[in-house]
Structure formats: structure tokens, C-alpha cells
Amino acid sequence: MPDSREASIERKALSGGRLTQAEVAFLLTDADLHWLGGLAHEIRTKLHGDSTYVVANRHINYTNICQNRCLFCSFSADATDDDAYFFQPDEIVQSLKAEGAEDVREFHIVGAIPPRELAEYAYFRGILAALRAAFPEAQLKAFTAVEIAWIAQLAGKSVRETLADLKSAGLDAMPGGGAEVFAEEVRSRICPDKISGDEWLSVHRTAHELGIPTNATMLYGHVETPNQKAEHLLKLYDLQEETGGFQAFIPLAYHPVGNRLGGEFTTGVEDLRHVAASRVALHNFPHIKAYWVEYGLKLAQVMLFWGADDADGTVGRELIYHAAGAGAPKGVTIGELAGIIRGAGLKPIMRDALYRDMREYEPVGEDAQEV
Ligand code: SF4
């Protein structure tokens with residue numbers, strides 16, 4: 001029998017009630033792992049049955065040149081570094097055409113904060129316009145709140161005006177990066193030059209008001225405390241209650257290689273706990289992702305029974321987690337992703353960036369691989 005704290009959490013999570021910060025912190029620390037996983041799976045199943053979502057997508061990291069240089073980041077570079085790069089919109093399109101990206105349904109476009117002398121507003125708008133023209137069937141999920149805040153500064157416009165203009169150029173949705181952990185004590189230690197947590201939330205609120213759906217993330221496993229993570233999740237819960245504009249939450253496990261923060265990799269058990277706790281605390285979010293790039297395909301498969309209903313996508317050429325030590329492949333086929341879902345006894349559902357146009361995956365030729 002669950003004790004009274006667990007019974008209270010179950011009651012709220014299954015009937016649409018807001019958990020307290022202490023309850024969410026309990027999920028993240030001391031809650032029995034099997035009980036937590038069972039509750040997370042119950043919520044996932046209530047929302048989606050055995051449907052598990054995948055998308056044919058490509059990551060586009062247009063530049064790694066960044067003036068913020070967050071301590072936890074292994075991807076960014078200074079303009080003078082040997083590994084610094086900066087792709088123009090036509091280079092991005094040519095490269096995608098060369099690799100045959102015509103079947104892609106979602107471009108996930110995330111870069112850095114290049115200094116003013118390298119990029120002006122027209123550059124960012126140009127990326128969207130070029131991709132929209134070259135791949136009219138694909139949706140553009142572009143620019144974290146951190147990038148949007150910077151792009152607005154470059155444009156000399158408000159965030160609202162900037163988002164409206166980017167939407168007219170092709171912006172369909174926004175990714176959830178840059179959230180890290182909202183607490184100022186954490187941000188001042190790991191990303192002191194990044195926008196505040198409140199600013200991150202404000203950009204997403206504005207996007208939702210303009211009809212631009214977004215995702216949300218939380219980077220865990222560095223200097224944060226359970227209470228700070230609980231507060232972070234509840235701020236997301238509250239904004240979702242207000243706007244309903246979030247599509248998916250993606251827990252992001254900190255990777256310690258190649259940056260100035262250092263530290264340890266998270267364990268598989270910690271990862272399972274964070275996915276399951278997210279599903280329970282954010283029961284008003286439609287989707288929780290098991291982002292296989294950070295966890296590897298096999299742990300991501302297990303997470304489909306710990307609250308996750310979305311295995312993300314084929315990705316193509318992931319750079320950010322791999323710079324930080326990820327051991328997963330840089331990309332997979334849709335058949336491989338569908339294979340881990342079917343291998344778990346679940347049903348792979350192909351989606352687009354807006355979770356529309358959904359249909360069950362049917363293997364075609366050599367795409368029908370299983371792992
Ligand atoms: S996390 Fe983003 S803003 Fe921070 S250094 Fe890396 S690319 Fe720049």
C-alpha cells in the first residue's frame with residue numbers, strides 16, 4: 001500500500017492536480033523507483049496507450065561561435081578557435097540536399113549566440129526562408145528562447161515582433177533548450193551570461209500567445225539541488241496551465257566531457273528517475289521525450305516504460321551531446337527507432353514537428369531494421 005505522501009501524489013497526478021515543490025523533490029530523490037516508474041507509465045498509458053512517437057528529422061547547428069561560453073557547454077567555440085564554424089543559409093540547404101533530406105518532416109535548428117559583428121537579424125530570418133523554400137513539406141522547429149532573445153536584440157525589435165516576423169518567414173515551433181535550471185543560484189554558476197529563467201519563460205509565453213508551440217527542457221546532473229529542479233518543473237507546469245502551448249518536455253542529462261565545469265556522468269538509475277518524475281510532475285504536458293542521443297538506444301527503450309512516449313527522431317548529425325561525450329550514434333534510421341519501439345511491444349507512430357499527420361510506421365525495404 002502506498003503511504004499517504006505517495007497516495008496524495010497519485011491522486012493529484014491522475015486527476016489533474018498540481019504537486020507541491022516538496023512532492024516533486026521527493027520524486028526526484030527518495031520515492032521508490034518502481035512505484036515512481038509505475039505511476040509514470042500509468043500516466044503515459046492514459047494519455048497515449050501504447051503509441052510511441054518518432055519523426056524523420058535533422059539537426060542543424062548553424063554555428064558554434066558563441067559569446068556566452070557557458071561553463072557546462074562543450075559545443076561552443078570562440079571565433080578564433082580552430083573548430084569554429086559558421087554556415088550561411090545556402091550552405092545549409094546545399095548540404096541537406098546533398099545528403100537527401102527530402103523525406104525529413106522536421107528541421108531542429110539550434111546554434112549559439114554569435115557576436116553582433118558575425119550575424120545580423122537577416123541571417124537568422126534567411127535560414128528559415130531558405131529552408132522553407134527548399135523543403136516546403138518540412139516543419140521548422142527553430143531557435144531556443146536564448147537565441148530568440150538575442151535575435152530580437154539584433155533586430156532592434158521586441159521579442160513579440162521578432163517571433164511574429166520569424167513566423168512569417170517559416171518558424172513553425174520552438175525547441176526547449178536554454179532552460180537549464182531556472183534558479184539564479186545555478187545560472188550564475190554554470191551560465192552567467194545567459195538570459196534569466198524568467199526571461200526564458202517570458203519568451204515561451206509570448207510564443208504560445210502567437211500560436212507557436214514550444215518544447216521545454218531541464219539540464220540535470222551538475223550543481224543543482226532537488227528543490228531547484230522541483231521549482232523548475234513547477235514553473236513549467238504553471239506556464240502550461242496558463243497557455244497550453246508546450247508540446248513536449250525533454251529531460252537533459254548533463255555530460256561532463258570537453259567543458260570547463262567538469263564533473264560526472266549521470267547514472268542510468270538517475271536518468272530513469274528524472275524521466276519518470278518529469279512525467280508525473282508535468283502531467284499537463286502532452287509528451288515526454290526519451291532523447292536517445294543522451295541515453296543511448298537501449299536505455300531510451302526502457303524509458304518508454306518509465307513515462308516517455310516519444311523517442312524523438314533520426315537526428316542525422318548530432319553535434320552538441322557528442323562534443324560532451326555522448327556514446328550514442330550521431331544519427332539512426334527511422335527503421336531503427338521503430339525497431340526499438342516494436343521491440344518493447346509498443347506501437348511506433350510517425351509524427352511531424354507539430355504532432356500532426358500521424359500514422360503507424362510501416363517498414364520499407366532496408367529501413368525495416370530492428371535492434
Ligand atoms: S549553451 Fe548555448 S549559449 Fe551557452 S555557450 Fe553553449 S551555445 Fe552558447
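In each ligand, atom 1 is the first atom listed, and ligand 1 is the first ligand listed. Residue numbers start at 1 and run along the sequence shown. Side chains are part of it too, since the values below use all heavy atoms of this structure and drop only hydrogens, waters and symmetry mates. Being a predicted model, the structure only gives us computed values, none of them experimental.
- Other residues, nucleotides and ligands contribute at most 12 non-hydrogen atoms within 6.0 Å of the CD atom of Glu137.
- Exactly one of Lys229, Arg189, Arg187 qualifies for a salt bridge (Lys or Arg N to Asp or Glu O under 4.0 Å) with Glu224. That residue is Lys229.
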Kindly list each side-chain donor-acceptor pair under 3.5 angstrom involving residues 143-151, sequence neighbours excluded, with atom names and distances?
{"from": "Thr144", "atom 1": "OG1", "to": "Val146", "atom 2": "N", "distance (Å)": "3.3"}
{"from": "Thr144", "atom 1": "OG1", "to": "Glu147", "atom 2": "N", "distance (Å)": "3.2"}
{"from": "Thr144", "atom 1": "OG1", "to": "Glu147", "atom 2": "OE1", "distance (Å)": "3.1"}
{"from": "Glu147", "atom 1": "OE1", "to": "Thr144", "atom 2": "N", "distance (Å)": "2.7"}
{"from": "Glu147", "atom 1": "OE2", "to": "Tyr62", "atom 2": "OH", "distance (Å)": "2.4"}
{"from": "Glu147", "atom 1": "OE2", "to": "Gly111", "atom 2": "N", "distance (Å)": "2.7"}
{"from": "Trp150", "atom 1": "NE1", "to": "Pro114", "atom 2": "O", "distance (Å)": "2.9"}

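- Near Phe72, the atoms of ligand 1 lying under 4.0 angstrom from a non-hydrogen atom of the residue are 1 (S).
- Here Tyr53 is tied into one hydrophobic group with Ile349, Tyr355, Met358, each link being a pair of ILVMFWY side chains closer than 4.5 Å.
- Residue pairs meeting the salt bridge (Lys or Arg N to Asp or Glu O under 4.0 Å) criterion with at least one partner in residues 172-186, sequence neighbours excluded, are Arg132-Asp172, Glu180-Lys194.
- Checked against Cys66 for a side chain to side chain contact (heavy atoms under 4.5 Å, CB included), the options Asn64, Thr63, Asn68 give a single hit: Asn68.
- Inside a sphere of radius 2.8 Å centred on atom 8 (Fe) of ligand 1, the protein N/O/S atoms present are Cys66 SG.
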